[in-house]
Visitor: 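Just passing along the structure, written as structure tokens.
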Amino acid sequence: MKRVGILGAGIGSLVAAAYLSMHGYRVTILEKATTVGGSAGYYFKDKRTFPTGATIAFGLEQDGLLKELLDELKIAVPCSVMDHPMDVVLSDRMVSIWLEQSKWEKELARAFPEKKEQVLSFWSELATIGEDVYLFTKRKIAFPLRGYQLHSLIRFCFQHPLRTLRLGKNSLRTVYDLVKKHKLDRYPIFHEFLNAQLVDAAQTSIHKAALLPSSLALDIYRRGSFSIPGGFATIVKRLEEKIKEKGEILKKTEALHINYHKDTKWTVDTKKEMFTFDVLLNGIGKELKNGEEVSKRKETLETPTPGWGALRVDAIVSSDIKKDIENRVGKVHLPFAFQIVPSRENAKLFGDEHGPVYVTLHPSRISSGEVVQEEVLLTASVHTPVSKWIDLTKKEYILQKELLEGAMYQEIERVVPSFKKNVINTYTGTPKTYERYTGKTQVGGFPMTVLQSIVRPSGSKGTHPHYYVAGETVFPGPGTLSAALSGYFAAEAILRMEK
């Protein structure tokens, strides 16, 4: 029985581990944190459970990509589809995101009356391209292409010749190319809306975002966004249970030194012991070079990509703030999210010209999972360059944290005016906080540019023998659903190449 070592317990690693365990591999996950899930996980603070990142799920519809993965692993997850999961707050208007196609088209016409015909035409073509990408993704074809996937690719091309031609025609286009085609290149408020969505989903703006993956990311709400009781913690806990049936997850266990030996394959040193593995799967977002950890993007691309960190506020607030939400958008189901385009002054402070402040309200839960009726959990996060934080003195760090925290509160109060009045507890995290608990300052995956997601994508097969990679740094890219798919692709590669 081959032994597979997995670094990190993000959702990509967990999916890969569950698949490999199901196929008879002996799996050991080494995780620095005290809980599993990574950016789709959870943590405990003052007897409350907080999500570490993702809060709204995609791909759980009847034929959904995530549901198919979980069904194959015999994992059932309760969920409910959300008709109105989010509002996008722009500089001069608000756009409501709707599941139902007719409601969405009416909302586009209402929100962008100046050029409603062009906007509706743009979205119609975008949705068509997104459907092409979705059907292609359903075949579970990963890039860079491996020989064992040629049959699936050829079959798709024969079954869907028109879709194949359309995918090929759009493969090198950006979202801005489609914007320009529909004569929306001089409509900045629509750009503002698209950027708010894309910087969160694709880690870049319309001018650089590859059209193919971005089309699916932008229109995925029409397939369904889902609320899960207990949040993503429910999914990662069930994956953890599945893995522990045959494998092991060692928490508070950080990999310190990693080496490859021709005789014993891989050795991983931790503070307590050394592990030996036949195969190594890296799920922590870093590649190996000469036995040392370096950024994968530096090794595989000519130009290194800048790393985004996150400024994050987690707050426990009185349930009285629900009145604010109802006054603004009516009765909604929690979780409910706001993407807020910050003021120019605050955007400059945060350090990202296009990045939105992402605010989500959820039921508050104690560590056992029981809902606290008189409370609401509010999380807010925004991109911030890692470079703004790494070389600060302690005094500079405290001052900057307080300054940006104040800017974050200003943006939160645009959608929840009574936020400060109803706060019970708040906790603020920066890239330095992430580094302390996860070992890295960056969050999210690579920007989904044409170069990185289409022309030269990084795949699951790493640069060393018996070495593989999963997570948001490899194909298909950032996002919880994509990271889960990367775990499947890594597991499949191991099953095919490590017989």
Side-chain angles (χ1 to χ4, degrees), residues 8-19 31 33 35-43 50-61 64-71 73 75 77-79 81-82 85-86 97 133-134 137 140 142 197-203 213-214 216-221 223-240 283-285 308 310 312 335 337 339 358 360 362 379 381 383 434 438 442-448 453 460 469-491:
I11 193 165
S13 295
L14 294 174
V15 168
Y19 266 96
E31 169 57 53
T35 57
V36 300
S39 295
Y42 60 99
Y43 73 94
F50 294 87
T52 54
T55 53
I56 296 174
F58 300 100
L60 290 174
E61 62 271 20
L65 293 163
L66 183 56
K67 188 175 188 305
E68 285 185 347
L69 294 181
L70 295 174
D71 285 349
L73 294 169
I75 294 175
V77 175
C79 65
V81 67
M82 303 168 69
M86 181 169 65
I97 305 297
V133 175
Y134 177 78
T137 306
K140 296 188 176 67
Q197 295 267 282
L198 283 173
V199 170
D200 179 58
Q203 305 292 308
S214 298
L216 182 56
L218 286 167
D219 202 53
I220 198 168
Y221 291 95
R223 295 196 168 277
S225 50
F226 296 84
S227 167
I228 304 169
F232 265 98
T234 300
I235 292 181
V236 298
K237 285 177 180 177
R238 293 190 181 181
L239 283 166
E240 180 180 21
I284 61 176
W308 285 112
R312 180 183 169 100
Q339 275 185 339
Y358 194 92
T360 312
H362 335 248
T379 66
S381 62
H383 276 165
Y434 280 85
T438 70
Q442 297 183 19
V443 296
F446 62 85
M448 293 174 68
S453 60
S460 56
V469 187
E472 293 184 319
T473 62
V474 296
F475 183 87
T480 303
L481 176 56
S482 293
L485 282 170
S486 80
Y488 170 85
F489 292 141

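What you are looking at is a predicted structure, and each value in this text was computed from that prediction instead of being measured.
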Visitor: ring-ring contact (aromatic ring centres under 6.0 Å, His included) with Y358: which residues, sequence neighbours excluded?
Guide: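 ring-ring contact (aromatic ring centres under 6.0 Å, His included) check on Y358 returns nothing, list empty.
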
Visitor: For A217, give me all partners under side-chain contact (heavy atoms from CB on, under 4.5 Å), at least two apart in sequence or on another chain.
Guide: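 For A217, the residues satisfying side-chain contact (heavy atoms from CB on, under 4.5 Å) (neighbours in sequence not counted) are A201.
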
Visitor: Tell me, please, which residues at least two apart from D219 pass salt bridge (Lys or Arg N to Asp or Glu O under 4.0 Å).
Guide: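 Partners of D219 by the salt bridge (Lys or Arg N to Asp or Glu O under 4.0 Å) criterion, ordered by chain and then number, come out as R222.
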
Visitor: Quick one: list whatever passes side-chain contact (heavy atoms from CB on, under 4.5 Å) with S39, sequence neighbours left out.
Guide: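 For S39, no residue satisfies side-chain contact (heavy atoms from CB on, under 4.5 Å) once neighbours in sequence are set aside.
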
Visitor: For R223, give me all partners under salt bridge (Lys or Arg N to Asp or Glu O under 4.0 Å), at least two apart in sequence or on another chain.
Guide: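 R223 satisfies salt bridge (Lys or Arg N to Asp or Glu O under 4.0 Å) with E131 once adjacent residues are dropped.
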
Visitor: Taking only residues two or more places apart in sequence or in another chain, which ones pass side-chain hydrogen bond (donor to acceptor under 3.5 Å, both in side chains) with Q197?
Guide: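 For Q197, the residues satisfying side-chain hydrogen bond (donor to acceptor under 3.5 Å, both in side chains) (neighbours in sequence not counted) are Q339.
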
Visitor: Could you pull out all residues at least two apart from F50 that satisfy ring-ring contact (aromatic ring centres under 6.0 Å, His included)?
Guide: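 With sequence neighbours excluded, F50 shows a ring-ring contact (aromatic ring centres under 6.0 Å, His included) to Y43, Y427, given in chain and number order.
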
Visitor: For S214, which residues count as a side-chain contact (heavy atoms from CB on, under 4.5 Å) partner, sequence neighbours excluded?
Guide: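 S214 satisfies side-chain contact (heavy atoms from CB on, under 4.5 Å) with V175, L198, A202, A209 only.
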
Visitor: Report yes or no: do T55 and H362 form a side-chain donor-acceptor pair below 3.5 Å?
Guide: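 Note: T55 and H362 side chains miss the donor-acceptor criterion.
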
Visitor: Taking only residues two or more places apart in sequence or in another chain, which ones pass salt bridge (Lys or Arg N to Asp or Glu O under 4.0 Å) with K67?
Guide: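 Applying salt bridge (Lys or Arg N to Asp or Glu O under 4.0 Å) to K67 gives D71.
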
Visitor: Quick one: list whatever passes ring-ring contact (aromatic ring centres under 6.0 Å, His included) with Y434, sequence neighbours left out.
Guide: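 For Y434, no residue satisfies ring-ring contact (aromatic ring centres under 6.0 Å, His included) once neighbours in sequence are set aside.
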
Visitor: Please enumerate all residues that pass salt bridge (Lys or Arg N to Asp or Glu O under 4.0 Å) together with E68, with sequence neighbours excluded.
Guide: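 Checked E68 against salt bridge (Lys or Arg N to Asp or Glu O under 4.0 Å); matches are K138, K140.
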
Visitor: For V236, enumerate each residue passing the side-chain contact (heavy atoms from CB on, under 4.5 Å) test, keeping only those at least two apart in sequence or located in another chain.
Guide: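 Counting only residues at least two positions away or on another chain, V236 forms a side-chain contact (heavy atoms from CB on, under 4.5 Å) with L14, V36, Y42.
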
